[in-house]
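Here is the structure we will look at, set down as structure tokens.
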There are 2 protein chains.
Amino acid sequence: MPQHKRDPSGEIASRIIAKATEILDNYGIADLTMRRLARELDVTAGSLYWHFADKQQLLGAVADEVLRPACDTAEATDWQHRITEASQRLRDALLSHTDGAELVSASFAAGQSARMRQILAALADATVDAGVAPENAELAGRTIIYYVLGFTVDEQSRLQWDAAGALEPERSLLDPREALNHTGRAFEFGLSVLIDGLAVRAGNFS
Amino acid sequence: MPQHKRDPSGEIASRIIAKATEILDNYGIADLTMRRLARELDVTAGSLYWHFADKQQLLGAVADEVLRPACDTAEATDWQHRITEASQRLRDALLSHTDGAELVSASFAAGQSARMRQILAALADATVDAGVAPENAELAGRTIIYYVLGFTVDEQSRLQWDAAGALEPERSLLDPREALNHTGRAFEFGLSVLIDGLAVRAGNFS
DNA sequence: ACCTGAACACCGTTCAAGT
DNA sequence: ACCTGAACACCGTTCAAGT
């Protein structure tokens with residue numbers, strides 16, 4: 001039997017999501033409108049509502065597409081490495097698409113991203129291994145997510161502003177990859193504050 | 001001499017901001033549009049652009065209005081209390097207005113809130129007293145802000161969803177103030193993780 | 001100095017009717 | 001099962017012209 005109305009799992013829904021991701025990458029989230037998406041698919045805007053309940057749900061599906069590479073199963077190591085790797089993979093996935101951090105941040109806040117729920121659960125699990133009480137684990141996981149999303153939204157808006165020609169080119173003496181390494185080290189600093197804080201609460205800090 | 005065009009410091013600008021805050025409190029951020037704001041002020045939408053460059057700037061001014069009570073000068077105590085009090089006053093201010101957390105979060109990300117810059121500077125200062133290297137102080141301050149904003153956006157959306165009649169009333173056996181006390185303790189837990197993390201990096205944890 | 005009127009170029013969403 | 005056509009009720013922003 002076919003999928004229920006507005007269950008975005010059909011083949012047509014997949015093509016809608018793929019085209020939406022294309023628009024996101026090429027023009028940014030401001031240009032990802034229902035009408036434009038429909039136009040580029042050579043359909044009418046109303047037809048999208050046969051596949052998705054509303055725009056929020058569609059953006060949630062695009063967010064989950066962006067997050068696909070961040071959800072490969074990680075090795076089972078100590079909790080510190082699990083948190084670090086999950087956070088870095090999340091940041092990398094967001095930076096791989098124009099306005100990726102903003103899109104995922106909005107979809108997470110709206111409760112529309114299944115993969116963000118999955119990442120949250122993995123982080124919460126890791127904090128339990130760190131010694132956090134089970135009733136505080138979800139909040140501890142959310143705290144890490146707030147940091148990663150906040151940091152990366154900020155980072156990406158600066159990166160895209162600079163890439164749009166506003167930067168003085170002398171500012172970074174090295175190549176763009178070096179700029180990413182620089183903010184990458186900043187990212188790790190903030191993350192280590194959180195991990196150290198979790199270790200202290202558990203009574204076992206390195 | 002009068003103020004420069006689009007410097008939102010005049011008396012008319014203040015009345016615009018006051019009316020915008022009123023709309024925010026009574027109807028939420030989705031209803032805070034330039035056209036509706038103009039209508040309630042009995043002017044034309046275009047006239048708002050004589051006082052504000054664009055909607056982002058106006059929302060930034062409203063955000064700073066929301067943040068006014070969060071910026072009273074705090075006592076000079078130890079860095080832990082300065083961080084705790086600044087965070088709690090920020091959260092309290094956000095919870096005092098409908099969609100306050102969402103508004104301030106967006107304005108902070110857009111770099112449109114002078115008072116958020118001030119709060120960030122105070123937090124960064126406190127982390128220096130905690131022993132954070134000066135080149136990392138702003139990031140440490142931002143990390144605290146990411147937490148407070150992320151937590152409070154979440155908390156407020158749940159509170160407002162529940163207040164809109166979606167909750168089972170048996171759920172919290174006590175009065176609404178008790179529900180706030182509960183999330184208040186959750187807020188303090190996450191904050192203490194960050195403070196402990198900062199203390200560890202400085203080598204002096206309590 | 002401040003505001004109007006009118007336009008420009010759009011939005012998200014619904015729904016009867018078609019195939 | 002899926003899409004069209006057309007409507008509904010809006011948006012932010014600009015700018016010549018008025019007072």
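Chain A is the first sequence line, chain B the second, and so forth, proteins listed ahead of strands; every chain is numbered from 1. The figures that follow rest on heavy atoms only: side chains count, while hydrogens, waters and symmetry mates do not.
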Determine: side-chain N/O of A:His51 to OP1/OP2 of D:dC3, distance under 4.0 Å, yes or no. yes

Does the pair A:Asp129/A:Arg82 count as a salt bridge with the N-to-O cut at 4.0 Å? yes

Per A:Arg35 side chain, nearest of listed nucleotides C:dT13, D:dT4, C:dG5: C:dT13

Paired nucleotide for D:dT14 [Watson-Crick or G-U wobble; both distances under 3.5 Å]: C:dA6

Taking only N and O in the side chain of B:Tyr49, is any of them less than 4.0 Å away from OP1 or OP2 of D:dT14? no

Just how far, in rounded Å, is C1' of C:dC2 from CG of B:Asp42? 16 Å

Could you check which of C:dT13, D:dC3, C:dC11 has an atom nearest any side-chain atom of A:Ala45? C:dT13

Nearest-Å distance for atom pair CG/C1', residues A:Leu37 and C:dG12: 13 Å

Do we get A:Arg115 above A:Phe108's six-membered ring, with its NZ or CZ under 6.0 Å from the centre and within 45° of the axis? no

The side chain of B:Met34 lies closest to which of these nucleotides: C:dC11, C:dT4, D:dG12? D:dG12

Within this structure, what is the NZ-to-C1' distance between A:Lys55 and C:dC11, rounded to whole angstrom? 8 Å

Can you tell me the distance, in whole Å, between the CG atom of A:Leu32 and the C1' atom of C:dC11? 13 Å

d(CH2, B:Trp50; P, D:dT14) in whole Å: 16 Å

Using whole Å, report how far CZ of B:Phe52 lies from P of D:dT14. 15 Å

Applying the 3.5 Å cut-off to both distances, the Watson-Crick or G-U partner of D:dT19 turns out to be C:dA1

Using the P atom as the reference point in each nucleotide, state the distance between D:dA9 and C:dC10 in Å, no decimals. 23 Å

Using a strict threshold of under 4.0 Å (side-chain N to carboxylate O), is an ion pair present between A:Arg68 and A:Glu65? yes

Give the intermediate values and the outcome of ring-ring contact (aromatic ring centres under 6.0 Å, His included) for residues A:Phe189 and A:Phe151. CA-CA 11 Å; A:Phe189 169 82; A:Phe151 182 95; over 10 Å; no

For A:Leu58 and C:dG12, what is the distance between atoms CG and C1' respectively, to the nearest whole Å? 12 Å

Round to the nearest Å and state the distance from B:Arg36 atom CZ to D:dC11 atom C1'. 14 Å

Between A:Glu188 and A:Arg185 (salt bridge meaning N to carboxylate O under 4.0 Å), is one present in this structure? no

Which sits closer to the 5' end of DNA chain C, A:Gly46 or A:Thr33, going by the nucleotide each is nearest to? A:Thr33

